[in-house]
Amino acid sequence: MKKRIEIKDEYKWKIGDMFSSDEKWEKEFKEVSSDIDAFKTQADRLNISTLYEILSQRDDILRRVDYLYVYAGLRSNEDSTNTLYQAMADRSEGLITLFSSGTAFLEPGILALDEDELKAALNQEPLSLYRHYIEDILRTREHILTRDKEELLANFYEIGNAPSNIYYMLDNADMTFPDITDSKGEKHPLSHGTYITCLENRDRVLRKSAFDTYYNTYFKQKNTLGAIYSASVKKDIAFARVRKYPTALESMLSAGNIPTEVYTNLIATVNKHLPLLHRYAKLRKKMLGLDELHFYDLYTPIVPAVDTSKTYDEAKAEVLKAVSPLGKDYVNTLTSALNNEGWVDIYENEGKRSGAYSWGAYGCHPFVSLNYNNTVDSMFTLAHEMGHAMHSHYTWSNQPFVYGDYTIFVAEVASTVNEALLMEHLLNTTEDDTFRAYLINYFMEQFRGTLFRQTMFAEFDLEAHRIVEEGGALTFDNLSDLYLELNKKYFGDALVYDREIAWEWARIPHFYTAYYVYQYATGYSAAIALSQNILNNNGAQKYLDFLKGGSSKYSIDLLKDAGVDMTSPKPVEDALKVFEGLLDKMEELSK
């Protein structure tokens, strides 16, 4: 694997667009720290007439804090072994703690104002800018603490992030994997970036070697991993109870005003349709011609061998064609972003954060991290992450800073719409029947990996928190038992349940952001509906308006405006009908 310095600059993002040097970051860090200290004095002059001025000052400081935090985080993610950037990232988290503590007086202070006078002032300029923001504070009145308690709680921000940070360093900086062996006895390197590629390989010996080696490496850290995740769950519950929420679920969903029924209905709806996944597992076993279907057989294509290699340039071209129904402005912006504008960091290097993500800060362009490996899967990942990036671009370009973000609940919608458009484009343009069958299988795998698997993750998340909320304890062993039983429920009797699959939970970093993963499943369901509207019902403009909405409305309402009601089980039901149709087609092809 190459070191960071060996990667050509043309394949790297341009973080210098945020700060041209670390020295300028340091200078800004000191100035922002001083401004936060000075801002604390505003507590004594907070009233309705000064509220707009104080909120504007707060926003300016927060924007600069976010800039510092993102820059340090991106630099640290380039190479997690670089201790300079590890330290900068750690200091920037300390700055967030300082900011949270220094502004802790705001929400209690707003709640102390006369509510009738405040609501009347919200109808007047310039305070009307903050109408939705302040109304949301009023909505959560009972969960906002007194000033001194809010300040005390803010000082625990870094401690609250400790489990996630410790897991990140263990997983990305300290954990290494032995080489794996193929059917010819040849050795191959194994990493986070190559693991899924190995499972897609047609060499079953290589797949099993990768599967066994990968999870046994995690198993060697079993006690540490169990303790880290247990601490994370306890942190979630403690923070929820301090804010007077009965459960961590209600606390996490309250931030976006998401009814808990959205979460529980998702699990119930998918559970009702698990026989579809059982059918798919049996079909996969049949089409692969296996006596036994193991978990390391779930990723390899079930259609005959087909060339699925895609260079980065080929992938860019396909993605741009796929999103053309969204109009010229979307396509032109995305074209510029992909053509060396500094948005994308393309290839894996030693110490680079695993997986892919989009991140950034208001006032600069988004940044996308890939570990591109010339596969169709990497092409879809490119489409996915650029969907996130374009969501950020449209939000930042159309909303003031106070609404210049979007909630996690809608974050996965834009990314998955791009994937769905790419799939429809490929299915409609390929003339190769074998490749079309491959794409149908790939589409089914997206359903399996996103709608079914992420719902299973959501169920694991819910049950793990329930155990602790009811006075139980979490260990590596009982977490593994729980995860194994969920796999058996979801996949049925077609699979052999290798002991290693019970340990898979330990490699899922999203579990350290509680109640996050369900939004992949809800987002996927919403995205399937939106992509169909874009292609068949002239829904592009409504969708673009959704991208521009940021957090100016609640996420549920933004989606309703775009034509999807996630408080109803209908989007999930409709998405599962699409999966059933694909399953019917593939079963017919297998006869």
Side-chain angles (χ1 to χ4, degrees), residues 182-183 195-212 214-215 270-308 375-377 380 419 423 426-427 430 432-457 459 483-502 504 507 520-521 524 528 575-591:
D182 64 19
S183 58
Y195 174 63
I196 295 299
T197 304
C198 291
L199 292 191
E200 292 171 345
N201 198 288
R202 295 187 178 278
D203 186 334
R204 199 174 189 217
V205 173
L206 180 68
R207 298 202 303 267
K208 184 178 188 308
S209 180
F211 181 84
D212 292 346
Y214 198 70
Y215 288 120
V270 171
N271 271 230
K272 187 171 70 174
H273 291 83
L274 286 179
L276 292 176
L277 188 58
H278 300 170
R279 275 175 59 192
Y280 177 59
K282 291 176 181 177
L283 175 64
R284 170 169 280 276
K285 179 180 178 181
K286 174 185 174 182
M287 293 189 71
L288 288 174
L290 298 174
D291 294 330
E292 292 184 344
L293 183 70
H294 292 257
F295 276 87
Y296 49 80
D297 299 317
L298 286 182
Y299 290 86
T300 190
I302 59 177
V303 297
V306 59
D307 182 10
T308 61
T375 62
V376 166
D377 188 60
F380 275 93
E419 286 196 73
M423 177 58 71
L426 294 172
L427 285 172
T430 184
D432 185 327
D433 289 340
T434 303
F435 187 56
R436 181 176 287 104
Y438 172 87
L439 290 171
I440 292 172
N441 176 218
Y442 190 94
F443 204 0
M444 294 172 72
E445 277 296 290
Q446 287 181 314
F447 275 93
R448 180 186 69 81
T450 306
L451 187 48
F452 288 106
R453 189 166 186 254
Q454 299 297 333
T455 302
M456 186 182 76
F457 286 175
E459 202 166 343
Y483 194 81
L484 179 60
E485 289 307 309
L486 285 171
N487 271 280
K488 290 179 178 179
K489 179 171 76 169
Y490 272 71
F491 287 98
D493 59 8
L495 273 94
V496 174
Y497 288 89
D498 310 277
R499 64 171 190 153
E500 287 86 356
I501 197 60
E504 186 184 40
R507 81 169 183 93
Y520 284 107
Y524 190 85
I528 293 297
L576 288 165
K577 287 177 183 176
V578 173
F579 177 76
E580 185 173 17
L582 295 169
L583 184 57
D584 291 341
K585 288 180 183 178
M586 193 60 79
E587 286 176 335
E588 185 65 29
L589 289 172
S590 71
K591 291 180 180 178

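In what follows, residues are counted from 1 in the order of the sequence shown. Predicted model, so just to flag it, every value in this text is computed and none were measured.
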_side chain to side chain contact (heavy atoms under 4.5 Å, CB included) evaluation trace for Arg453 with Tyr520_ = CA-CA 10 Å; Arg453 189 166 186 254; Tyr520 284 107; over 6 Å; no
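- Of all the heavy atoms in Asn271 and Glu459, the pair that sits closest is ND2-OE1, 3.4 Å.
- Few gaps surround NZ on Lys489; more than 12 heavy atoms of other groups in view lie less than 6.0 Å from it.
- Scanning all heavy atoms of the two residues, the minimum distance from Leu293 to Ala281 falls at CD2-O, 3.4 Å.
- The two atoms that bring Arg202 and Val303 nearest to each other are NH2-O, 2.8 Å, heavy atoms only.
- Every ring-ring contact (aromatic ring centres under 6.0 Å, His included) that Tyr215 has, sequence neighbours left out, goes to Tyr195, Phe211.
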Considering only distance and modelled atom types, tabulate donor-acceptor pairs under 3.5 Å from the side chains of residues 578-586, sequence neighbours left out.
unit_1, atom_1, unit_2, atom_2, d
Asp584, OD1, Arg279, NH2, 3.0

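- Side-chain contact between Leu451 and Gln446 is absent, with no heavy atoms from C-beta onward closer than 4.5 Å.
- Here Met444 contributes atom CE and Leu283 contributes atom CG; the two are 6.0 Å apart, rounded to the nearest 0.5 Å.
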_What verdict does the side chain to side chain contact (heavy atoms under 4.5 Å, CB included) test give for Leu298 and Leu495, after you've listed the backbone C-alpha separation in whole Å, the side-chain angles of each residue and the deciding distance to 0.1 Å?_
CA-CA 10 Å; Leu298 286 182; Leu495 273 94; 4.0 Å; yes
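- When the ring-ring contact (aromatic ring centres under 6.0 Å, His included) test is applied to Tyr442, the partners found at least two apart in sequence or on another chain are Phe380.
- For the side chain to side chain donor-acceptor pair (under 3.5 Å) test, no residue two or more places apart in sequence or in another chain qualifies with Thr308.
- The main-chain N or O of Val205 is never found under 3.5 Å from a side-chain atom of Ser209 such that the two would form a donor-acceptor pair.
- Judged by distance alone, the side chain of Asn201 and the main-chain N or O of Asp203 form a donor-acceptor pair under 3.5 Å.
- Under the 4.5 Å side-chain criterion, counting only non-hydrogen atoms from C-beta, Lys272 is not in contact with Leu576.
- Ring centers of Phe447 and Phe443: under 6.0 Å apart, within the cut-off.
- Each of Tyr483, Tyr490, Tyr214, Phe491 was scored for a ring pair (Phe, Tyr, Trp, His ring centres under 6.0 Å) with Phe295, with one residue passing: Phe491.
- Side-chain atoms of Asn441 never come within 3.5 Å of backbone atoms of Pro301 as a donor-acceptor pair (strictly under, hydrogens ignored).
- Here OH of Tyr438 is found 12.0 Å from CG of Leu427. Values are rounded to the nearest 0.5 Å.
- Between the side chain of Thr430 and the backbone N or O of Leu426, no donor-acceptor pair lies under 3.5 Å.
- Rounded to the nearest 0.5 angstrom, Phe452 CZ and Leu276 CG are separated by 5.5 Å.
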*asked:* Between Lys208 and Glu500, does the side chain to side chain contact (heavy atoms under 4.5 Å, CB included) criterion hold? Intermediate values first, please.
replied: CA-CA 11 Å; Lys208 184 178 188 308; Glu500 287 86 356; over 6 Å; no
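- For His294, the ring-ring contact (aromatic ring centres under 6.0 Å, His included) test picks out Tyr296, with sequence neighbours left out.
- Distance CG/Leu277 to CZ/Arg284: 11.0 Å, rounded to 0.5 Å.
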*asked:* Please evaluate residues Leu486 and Phe457 with respect to the criterion side chain to side chain contact (heavy atoms under 4.5 Å, CB included), reporting the C-alpha separation (whole Å), side-chain torsions for both, the decisive distance (0.1 Å), and the verdict.
replied: CA-CA 9 Å; Leu486 285 171; Phe457 286 175; over 6 Å; no
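- Note on residues 286-299: pairs passing salt bridge (Lys or Arg N to Asp or Glu O under 4.0 Å), not counting sequence neighbours, are Arg204-Asp297, Arg207-Asp297.
- Interatomic distance, CG of Leu484 versus NZ of Lys488, reported as 4.5 Å (0.5 Å rounding).
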